[in-house]
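Following: one structure in structure tokens, then a few remarks.
Lettering of chains follows the sequences in order, A, B, ..., and the numbering in each one begins at 1.
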Amino acid sequence: MAELDRKPDFKKIEEKWQKYWEKNKTYQFDPKSKKEIFSIDTPPPYASGDHLHVGHALHYTQFELVSRYKRMRGFNVYFPPCFDNNGLPTEKYVEEKYKITKTDMSRSKFRKLCRKEAGKVEKNYTKRFFKALGHAYDWNLLYTTIDSESQKVAQTSFVDLYKKGYAYRAEEPVLWCPHHQTALAQAEVEDAKRKTKMNWVYFELENGKKVEIATTRPEFLPACVGVFAHPEDKRYTHLIGKKIKVPIFNFWVPIFADDSVDMEFGSGLMMVCTFGDNADLEKWRRLKLPMKIIIDKEGKLTKAAGKYAGLKLNQAKAAVIDDLEGWGLLARQEDLEQTVGVCWRCNTPIEFLPTKQWFVKTLAFKKELIKQGRKIDWHPKFYRKRFEDWTNNLGWDWIISRQRYYGVPMPIWYCKKCGKEQIADAKILPVDPFEVKPTKKCSCGSGQFEPEKDVFDTWMTSSMSPEIIIKWLKKPDQFKKMFPVSLRPQSHDIIRTWAFYTILKAYLHFKDIPWKEVMISNYVLDPKGRGMSKSKGNAIWLKDLLEKYSADAIRYWVSTVSLGKDMPFKEQELVRGSKVLIKLWNSSRFIAMNIGKVPKTKPQLEISDKWILSRLAEIQNSYIKHSDRYEISQARRILEDFFYAEFCDFYLEMIKYRTYGTDQKSKQAAQWTLNKTLLEILKMFAPLIPHMTEEIYEKLYKRQIKSKSIHTLQFSKPDKVDAEAITLGKQACKIISEIRQHKQKNQLGMGAELESYKLKRKPKDWKKIEALVKGTMRVRQIK
RNA sequence: GGACCUAUAGUCUAGUGGUAGGAUACUGCCUUCACAUGGCAGAGGCUUCAGUUCAAUUCUGAGUAGGUCCACCA
């Protein structure tokens, strides 16, 4: 065995092996292998900037550990890297970086710019993130969400859904972000709390009397289409069916009765406008009220709002309140805590705007989707409930069209004459309808078409990620063999989007589940427990950590985190990781110095050897049991406890008197046991700390084992456990601790020789461990 | 309003129907013999109440606190 340096140079070791793995294609998928395939539907990181904080490191490393573990469990691992460079984030990134808006240039020019920028970011990510952390991707399998194969899959998916009657176009009020000026899906709307004012406004009745109506959105007065009261509200029953005059605008609207009105809220009278909020929309739909639209796509008021036309919503609100006050129509104002739906990207409150959009039928399949969800193994399992809650509560079909530039084009044209849509033939996909014309004439006979301007919702592509990674269209045989894929790792915030849409698509296309298992990972919070982000200024950057700690130490920290729990980031966890690495190095160094030539055949083992080998077997069993359930942190803890508290603290001390001594048989038994135990320990640590274990493997084992890398080895089958050896070993450890305490109390070094020692209590089988204890603690006589 | 998760030393974390294990920080002792980025030792802890039980930190119920999702939000 070769010797190890006194101190390891972490950075040098890391760079060396990162290069080696790349050059040797250590993690390449082997399509010819007969091993069972384990495929991972990797989450694509947004290539929209270079903000890499420890949260990303955690998220991506958590399942990267799994890929390494599965490889060593004997699977043929299919682990593709990927980037999401599609959709809004990229578009916004480019707009911000160049200080432009997308309308400043042509669509194709803008898209080129987006691709260029995304490409730069991807390179940066790869080098400074995935490779710097030693991630075991097969880079040949790289995909991005905007590349032509992904576009083809997304478009093919749409064409298939259209043919099956699951995709339809309709004009109706949709959730609208005035900032991004696009329609949004329900999943893209989040709640935000804010303070606002409740305004008590006077409306005038037909008899000239005034009544108060409370509203948070007086700017919507011009869109008022009715006033509602509860049918049992005695204050107002006499008004039902009569008319009421809207202040400032002085038009009359009817007064209706409806159960949904809360008598306690406000004055008990509710004004309904098209569309101030969900409740308005609901009543409009149910009661077929008229529609008065007073806002445009930018969130400005239209001509229908009279003198307020052209103002933005919040300006209009201020102006209306001013006028109400000036004319004595404002009874009073109250502070109010309000929750509003906002765009998840820009926090702009969403509005309702009727527009023509494409939808995918979703509401009709709620029951089936929940059934599909139950066929999938969720880790941890309680997240399945969240999927079901979301599915049960869905109120809208999925809007798949977006009014953006950068994204996958929708393969649709519209007849200029009759307006009928023509969907591209599956054979010509991917297609940009701006660049290609339909081959067929419209059924009305016209050959003149208008291309669809909208692009797909980014989830239209992402929801097909299992199909994309295993090449649904390019390699149908492979697809058949590998679908559903093995594992989807993802974070919990996108269960309602990514997980949901992926399950939906697999069902609509194949009546199947997309993956067998889902692994939901955590958020890293800052040390005070808040979410980490660049904008909050509390992010801890990976770059800074990598300057201070080794990649393996960071990976070690990841392996301490349990699934399903968000955790605040604590730097002290990295200190522990660094210590474990040093301990592993030093113990290996000690073994290398003492091991000499390893006997080829199994020698006659002594009691301490049998003890540590039995314990090793027990550890191997539970390590595998936990890892198979993705309980990486439990597996790691069991392994680490064994390595520290039994292997280093006791076994290595137990064999010193034998390796330094003259009894060759005893020495060889110790060497044989050391050699085997350390190798298995290294293998179990290998997925967690790949650089350090590879370095030690190279120095100590490469010559005796054929494998070029520890990472392509498999875990050995655990030996049978010798129960007696375990009991005796435990007793020996207990007695050794007792003698250590004695030496400590008497201010003796641990290596000091003792003439005699009297045990507190002699165990039953003392004879079997007497020599071991005496030798280890250097005591001549034990009574 | 409904649902889910969590509650263990200053901090982080394991575990159990019967004396709660470890890390980190703190204190003390120990440097020829792998390791001071070390070894050994010390001090310090089960959210509250009720129930089941010979016995509850563990099981059951309720409460409290924190986190999360959904609904409501005129």
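- RNA chain B is contacted by A/F382, A/K385, A/R386, A/D389, A/W390, A/N393 of residues 379-396 of chain A, taking any non-hydrogen atom closer than 4.0 Å.
- Distance noted for atom P between B/rU31 and B/rA36: 14 Å (whole Å).
- Between B/rC59 and B/rC35, the two C1' atoms lie 46 Å apart (nearest whole Å).
- Across the C1' atoms, B/rU37 and B/rA23 are found 15 Å apart, a figure rounded to whole Å.
- Counting only N and O atoms by type, the side chains of A/Y651 and A/D609 include a donor and acceptor under 3.5 Å apart.
- Of the N and O atoms on the side chains of A/S260 and A/D258, at least one donor lies less than 3.5 Å from an acceptor on the other residue.
- Within the nucleic acid shown, A/V261 comes within 4.0 Å of at least one base atom, counting heavy atoms only.
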Scoring nucleotides 19-35 of chain B by protein non-hydrogen atoms under 4.0 Å (B base, S sugar-phosphate only, - none) yields ----SS---BBS--BBB
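- In summary, the side chains of A/S633 and A/T560 do not present any donor paired with an acceptor at a separation below 3.5 Å, with no hydrogens or angles considered.
- Rounding to whole angstrom units, CE of residue A/M777 and P of B/rC40 are separated by 11 Å.
- As rounded to whole Å, 14 Å separates atom P of B/rC70 from atom CG of A/N278.
- When the C1' atom of B/rC73 is taken as reference, atom NZ of A/K197 falls 18 Å away, rounded to whole Å.
- Between A/F500 and A/W390, the ring planes are perpendicular. Angles over 60° get that label, and only those under 30° would be called parallel.
- For RNA chain B, the residues of residues 730-743 of chain A within the heavy-atom distance limit of 4.0 Å (strictly under) are A/Q741, sorted by number.
- As judged by a 4.0 angstrom heavy-atom cut-off over every strand, A/D262 is placed among the base-contacting residues.
- A/Y556 and A/E640 are linked by a side-chain donor-acceptor pair at a separation below 3.5 angstrom, with hydrogens and angles left out of the test.
- If you check every strand for non-hydrogen atoms under 4.0 Å, A/T215 touches sugar and phosphate atoms only.
- Here the P atom of nucleotide B/rA14 and the NE2 atom of A/H626 are 12 Å apart, to the nearest Å.
- With a cut-off of 3.5 Å on both Watson-Crick or G-U wobble distances, the partner of B/rG28 is given as B/rC40.
- Here, B/rA20 and B/rC46 have their C1' atoms 7 Å apart, quoted to the whole Å.
- Straight-line distance between the C1' atoms of B/rG63 and B/rC54: roughly 28 Å, to the nearest whole Å.
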